[in-house]
Amino acid sequence: KRRNKGIKPMGYAPLVSVIVPVYKTEKFIHRCIDSLIKQSLFKQIEVLLVDDGSMDSSGKICDEYANKYENIRVYHKENGGLSHARNFAIEYLNSDYVFFLDSDDMVGSFLSDMKRIIDGDRPDVICFKCCYERKKEEYRLKGNKKITVNDNRKILDDLLKSKMGNQICFNVYAKSLFETIRFPNGRAYEDIATLYKLILQAQKIIKVNYSYYIYNLSNAGSITKI
């Protein structure tokens with residue numbers, strides 16, 4: 001039985017906690033985690049890998065990263081689904097902000113931009129765009145990185161009019177928003193149900209016109225696509 005490598009003193013408060021639910025993504029998990037390691041401010045984040053009962057080598061791969069990097073932690077648990085994995089990790093956050101990354105997806109160079117926004121504005125939510133990877137390594141990050149400050153009414157209107165994505169992974173959130181909010185277990189479209197609650201709680205929301213998130217469309221069997 002694998003041991004959880006979750007209790008690791010970091011010695012500092014990380015800028016952002018990144019929660020990565022992992023389920024049978026051995027073909028993709030390396031590049032997912034590597035996209036975080038490549039960040040210029042990688043040492044200023046903590047990465048929480050939640051192995052949700054994977055039967056392939058995903059859990060072993062997570063252990064290898066956790067053994068190598070002090071700011072990567074891995075938790076092995078029985079399969080409970082995407083919402084349960086995310087809720088599990090929320091209990092172990094050490095930073096004031098949290099970002100959710102699916103284990104078959106990647107993220108572009110975004111941390112330095114997030115730090116500037118967090119340090120300057122301390123928003124409740126930072127929203128950005130995504131690009132789609134339809135074939136391996138075929139995607140294009142685009143946008144002018146223009147920043148706008150919004151209230152929750154404007155963002156809710158954009159969501160209802162499909163002017164922005166409704167996936168939970170396309171935003172960075174203040175941890176304080178999760179004091180009373182969790183993902184619904186055993187329910188489809190858990191992203192939408194939770195995102196609207198978070199936006200309603202938020203006061204200051206910043207939108208960045210750039211597609212930092214790289215959404216993989218080729219893995220139909222992952223925890224996030226079923």
Side-chain angles (χ1 to χ4, degrees), residues 1-10 12-26 28-30 32-37 39 42-54 58-107 110-111 114 118 124-126 167-187 190-191 193-195 197-198 201 213 222-226:
K1 185 177 180 179
R2 295 191 185 100
R3 296 175 57 192
N4 283 321
K5 297 177 175 61
I7 304 175
K8 274 175 151 183
M10 294 199 53
Y12 61 90
L15 171 70
V16 176
S17 298
V18 183
I19 293 176
V20 185
V22 180
Y23 181 67
K24 297 197 300 185
T25 50
E26 61 184 4
F28 304 98
I29 187 63
H30 277 295
C32 173
I33 301 173
D34 287 344
S35 75
L36 293 170
I37 294 171
Q39 302 289 320
F42 169 63
K43 292 185 178 180
Q44 294 189 34
I45 65 172
E46 66 172 353
V47 181
L48 285 71
L49 306 173
V50 184
D51 171 25
D52 193 48
S54 297
S58 297
K60 181 181 178 181
I61 294 170
C62 290
D63 284 338
E64 290 171 355
Y65 278 99
N67 288 332
K68 188 173 181 180
Y69 298 95
E70 66 174 7
N71 56 333
I72 294 180
R73 294 181 282 157
V74 57
Y75 299 90
H76 300 284
K77 57 183 284 298
E78 293 183 359
N79 181 260
L82 177 58
S83 290
H84 193 272
R86 287 173 173 169
N87 291 336
F88 178 93
I90 287 171
E91 303 298 326
Y92 297 95
L93 302 179
N94 289 306
S95 69
D96 291 333
Y97 286 86
V98 57
F99 169 61
F100 298 91
L101 176 61
D102 292 347
S103 60
D104 55 343
D105 295 337
M106 297 181 289
V107 64
F110 82 125
L111 276 175
M114 296 302 105
I118 290 171
D124 297 307
V125 181
I126 305 171
Q167 297 258 355
I168 208 76
C169 294
F170 302 164
N171 312 286
V172 171
Y173 308 88
K175 181 177 70 173
S176 58
L177 295 176
F178 288 93
E179 289 182 2
T180 58
I181 296 174
R182 290 294 185 273
F183 294 92
N185 288 313
R187 177 176 168 181
E190 72 289 327
D191 275 20
T194 309
L195 179 58
K197 292 179 182 179
L198 294 168
Q201 288 270 54
Y213 197 92
S222 79
I223 186 174
T224 61
K225 307 294 191 296
I226 57 177

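What you see is a predicted model, and the numbers here were worked out from it, not measured in a lab.
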ask   = Per the salt bridge (Lys or Arg N to Asp or Glu O under 4.0 Å) rule, which among K175, K77, R182 passes with E91?
value = R182
query = Does C62 reach the side chain of V22, with side-chain heavy atoms less than 4.5 Å apart?
reply = yes
inquiry  = Apply side chain to side chain donor-acceptor pair (under 3.5 Å) to residues Y213 and N171 and explain how you reach the verdict.
reply    = CA-CA 9 Å; Y213 197 92; N171 312 286; over 6 Å; no
key: Validation row: E26, S58 side chains within 4.5 angstrom (heavy atoms)   = yes
query = So, does S95 use its side chain to make a donor-acceptor pair with the main chain of S17 at under 3.5 Å?
reply = yes
ask   = So, the side chain of D52 versus the backbone of G80: is there a donor-acceptor pair under 3.5 Å, distance only?
value = yes
ask   = Under the 3.5 angstrom rule, does the side chain of S103 hit a backbone N or O of I29 as a donor-acceptor pair?
value = no
key: Gap separating the CD1 atom of I61 from the SG atom of C32, nearest 0.5 angstrom   = 11.0 Å
note = Sorted by chain and residue number, the side-chain hydrogen bond (donor to acceptor under 3.5 Å, both in side chains) partners of D191 (sequence neighbours excluded) come out as R86
message = Can a donor-acceptor pair be found, under 3.5 Å and without considering hydrogens, that links the side chain of N94 to the backbone of A13?
response = no
message = Given C169, which partner from the list D105, D102, V107 fulfils the side-chain contact (heavy atoms from CB on, under 4.5 Å) test?
response = D102
request  = First locate atom CE of M106, then atom CG of D34, and finally report the distance between them rounded to the nearest 0.5 Å.
outcome  = 10.0 Å
Side chain to side chain donor-acceptor pair (under 3.5 Å) between H76 and D51, intermediate numbers included = CA-CA 5 Å; H76 300 284; D51 171 25; 2.7 Å; yes
query = With a 4.5 Å heavy-atom cut-off, do L15 and I118 have their side chains touching?
reply = yes
remark   = Taken to the nearest 0.5 Å, the spacing of I72 CD1 from D63 CG works out to 11.5 Å
ask   = Distance-only, no hydrogens or angles: does the Y173 side chain make a donor-acceptor pair with backbone N or O of I168 under 3.5 Å?
value = yes
query = What's the spacing between Q44 CD and L111 CG if we round to 0.5 Å?
reply = 8.5 Å
ask   = Is N71 reaching over with its side chain to a backbone N or O of F42, donor-acceptor style, under 3.5 angstrom?
value = yes
key: Verdict with reasoning, L93 to L48, per side chain to side chain contact (heavy atoms under 4.5 Å, CB included)   = CA-CA 8 Å; L93 302 179; L48 285 71; 4.2 Å; yes
inquiry  = Tell me if a side-chain donor or acceptor on E190 pairs with a main-chain N or O of S83 at a distance below 3.5 Å.
reply    = no
query = Would you say L198 and F178 make side-chain contact, with heavy atoms under 4.5 Å?
reply = yes
request  = Step by step, work out the side chain to side chain contact (heavy atoms under 4.5 Å, CB included) result for Q201 and I181.
outcome  = CA-CA 9 Å; Q201 288 270 54; I181 296 174; 3.6 Å; yes
note = Here the pair of heavy atoms bringing N87 nearest to N185 is ND2-OD1, 3.9 Å
ask   = Quick one: are V47 and I33 in side-chain contact, heavy atoms under 4.5 Å?
value = no
ask   = Are any non-hydrogen side-chain atoms of I37 and Y65 less than 4.5 angstrom apart?
value = yes
message = For a 4.5 angstrom cut-off between non-hydrogen side-chain atoms, does F183 reach I90?
response = yes
ask   = Can you list the steps and then say if L36 with V18 is a side chain to side chain contact (heavy atoms under 4.5 Å, CB included)?
value = CA-CA 9 Å; L36 293 170; V18 183; 3.9 Å; yes
key: side-chain contact (heavy atoms from CB on, under 4.5 Å), paired with F99, selected from V20, V172, I19   = V172
